[in-house]
Amino acid sequence: MTRFNTQLVHGLPVGDNATGAVNPPIYNSTTYAFEKVDSMPRYDYARSGNPTRDFLERQIAQLEHGKRGFAFASGLAAIHAVLSIFKPGDRIVVGKNVYGGTYSMFHEYFADRGLSIASVDTQDFDALERAVAGDREHGVAPAQAVYFEGITNPLLDVNDVRGIANIAHRHGAIAIVDNTFVTPYLQRPLDLGADIVIHSATKYLAGHSDVNAGLVVTLSDSLGEKIYFAQNRFGGVLAPLECDAVRRGIQTLALRMDRQQANAKAVAQYLLAHPLVKTVYYPGLPAQEDELRAKGFKGAGGVLAFEVVPGVDPADVLDNLHVFRLAVSLGAVESLAELPCRMTHFELPREERLKVGITDELVRLSVGIEDAADLIEDLGQAFDIAYEQYIKRHADTDVFSALTAGVLA
Ligand SMILES: *Cc1c(COP(=O)(O)O)cnc(C)c1O
């Protein structure tokens with residue numbers, strides 16, 4: 001058995017290539033010839049199976065230590081396929097801090113179609129256990145599944161996959177982990193007891209902000225059959241060219257992630273010491289590193305968040321960045337910055353947002369592979385401008401209060 005970094009580069013050949021080409025071919029054919037009417041060709045129609053997609057699906061299954069892998073046209077298409085294996089009446093316990101599109105799909109779509117969705121803080125094992133167990137006396141059946149993200153967005157809570165999966169299994173539920181922020185390079189949830197892993201491969205796996213893709217890996221063949229049914233029947237498959245883009249991205253995952261983490265750590269240290277920064281959320285800092293490792297993570301990834309001090313307008317920082325691009329999404333080679341309350345999390349009602357800790361002052365950074373010094377300089381000059389604006393506003397306020405107090409009259 002080869003090791004992880006070698007697997008990233010080589011994958012598992014699907015045995016379709018007679019040319020010796022070093023890269024797996026991209027097959028754009030939607031249909032495949034039968035030798036005879038009663039022959040059973042391995043491939044017949046591209047929605048049902050495609051060798052380029054097969055390569056990627058086998059590769060992600062290998063990297064996540066699962067049985068079966070599946071590639072979808074987006075992360076949300078992957079999540080939809082996974083949720084579609086449940087039936088009306090089933091209860092799904094969902095981490096309170098999940099991707100906005102996931103939250104909306106669960107609460108605005110599946111909840112209307114018979115699934116019962118319960119949001120819970122997955123850090124609070126007592127609350128989680130109660131939610132999963134249900135309440136037989138009052139007719140609430142145990143949950144069928146617990147769904148959560150390994151490291152949450154945008155506050156970077158670190159979930160304990162082993163502990164959560166244990167609780168799920170105790171009550172006959174499966175554990176489903178969105179591993180987008182973590183990737184199999186930093187943690188393999190199936191090794192820790194999860195049953196299904198999901199990725200928005202749009203992010204770290206593809207890694208270049210140039211392809212929308214989703215992946216699912218199952219621990220068992222039986223769950224794999226259900227996901228295959230959803231993939232083949234709803235048809236949200238990833239196109240061959242995109243499969244190849246994700247495969248190529250995966251080849252450099254470890255190199256990119258190492259740099260992204262080193263840069264994120266440097267940026268986080270800088271932010272910690274900056275007078276305009278109130279709080280830094282990055283589990284890769286020394287204070288949280290032991291907790292991270294105890295939960296089975298090799299690192300914290302390249303996303304971090306911070307709050308500016310009261311009175312400073314975070315937009316004054318964001319609007320003046322030049323190396324960081326002001327954009328949603330994450331996990332790519334270029335650094336991105338965004339304001340969750342106005343950009344990634346604007347769909348959440350303000351009250352809900354504040355309840356989960358996403359304040360109006362919170363800024364999220366997805367740190368890329370640039371020179372850390374350039375990223376830090378960029379933040380520094382943007383903070384300087386934000387401070388000037390802050391002084392200006394305060395000066396105005398002082399003049400105003402002086403006027404109303406009659407001092408300058
Ligand atoms: C982006 C994202 C998704 C959705 O993926 P798409 O590829 O945009 O459909 C799901 N989960 C997480 C954690 C994400 O960051």
Side-chain angles (χ1 to χ4, degrees), residues 56 60 64 70-84 92 94-110 119 122 146-159 161 175-187 189 194 196-217 230-231 234-239 242-243 245-246 249-250 253 257 260 264 281 283 297 300-305 327-332 336-338 340 343-348 356 358 364-368:
L56 174 63
I60 193 63
E64 287 285 11
F70 303 92
F72 293 89
S74 70
L76 283 186
I79 294 167
H80 173 260
V82 170
L83 261 284
S84 76
I92 315 291
V94 184
K96 74 172 163 70
N97 232 333
V98 290
Y99 179 72
T102 305
Y103 180 91
S104 159
M105 188 199 295
F106 282 41
H107 290 274
E108 296 174 56
Y109 181 84
F110 280 109
S119 284
T122 45
V146 179
Y147 182 105
F148 62 103
E149 297 176 2
I151 294 184
T152 67
N153 175 26
L155 290 167
L156 296 313
D157 284 338
V158 180
N159 270 317
V161 175
I176 304 168
V177 182
D178 180 333
N179 204 28
T180 300
F181 270 54
V182 181
T183 81
Y185 180 53
L186 301 180
Q187 187 190 71
I196 298 180
V197 169
I198 299 174
H199 283 279
S200 169
T202 309
K203 315 294 168 52
Y204 283 106
L205 296 182
H208 295 75
S209 300
D210 58 0
V211 54
N212 256 140
L215 297 170
V216 174
V217 181
Q231 184 191 42
F234 306 139
V237 293
L238 189 62
E242 270 75 6
C243 288
V246 177
I250 285 174
L253 173 67
M257 191 60 103
Q260 282 160 323
Y281 300 92
F297 292 82
V303 176
L304 59 96
V328 301
S329 199
L330 58 107
L336 304 175
E338 65 110 5
M343 296 170 70
T344 45
H345 290 68
F346 78 96
E347 286 149 314
L348 234 69
V356 294
I358 304 170
R364 187 187 79 183
L365 302 179
S366 169
V367 179

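Since the structure is predicted, the reported quantities are computational estimates derived from the model, not experimental observations. Start at 1 and go down the list; that is how both ligands and their atoms are numbered.
Taking F297 as the reference, nothing meets the ring-ring contact (aromatic ring centres under 6.0 Å, His included) condition, with sequence neighbours excluded. When the side chain to side chain contact (heavy atoms under 4.5 Å, CB included) test is applied to T183, the partners found at least two apart in sequence or on another chain are Y185, L186, Y204, L205, L253, M257.
What you find for A71 and Q231 is that their closest heavy atoms are O-NE2, 3.0 Å.
Of the possible polar contacts, none joining the N153 side chain to the Y99 backbone as a donor-acceptor pair under 3.5 Å is found. Judged by distance alone, the side chain of T180 and the main-chain N or O of S200 form a donor-acceptor pair under 3.5 Å.
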Solution key, residues 207-215 side-chain donor-acceptor pairs under 3.5 Å, sequence neighbours excluded:
unit_1, atom_1, unit_2, atom_2, d
H208, ND1, A206, O, 2.9
S209, OG, E334, OE2, 2.6
N212, ND2, T202, OG1, 3.1

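Contact residues for ligand 1 (protein heavy atom closer than 4.0 angstrom to any ligand atom): S74, G75, L76, I79, Y99, E149, D178, T180, F181, S200, T202, K203, N212, A213.
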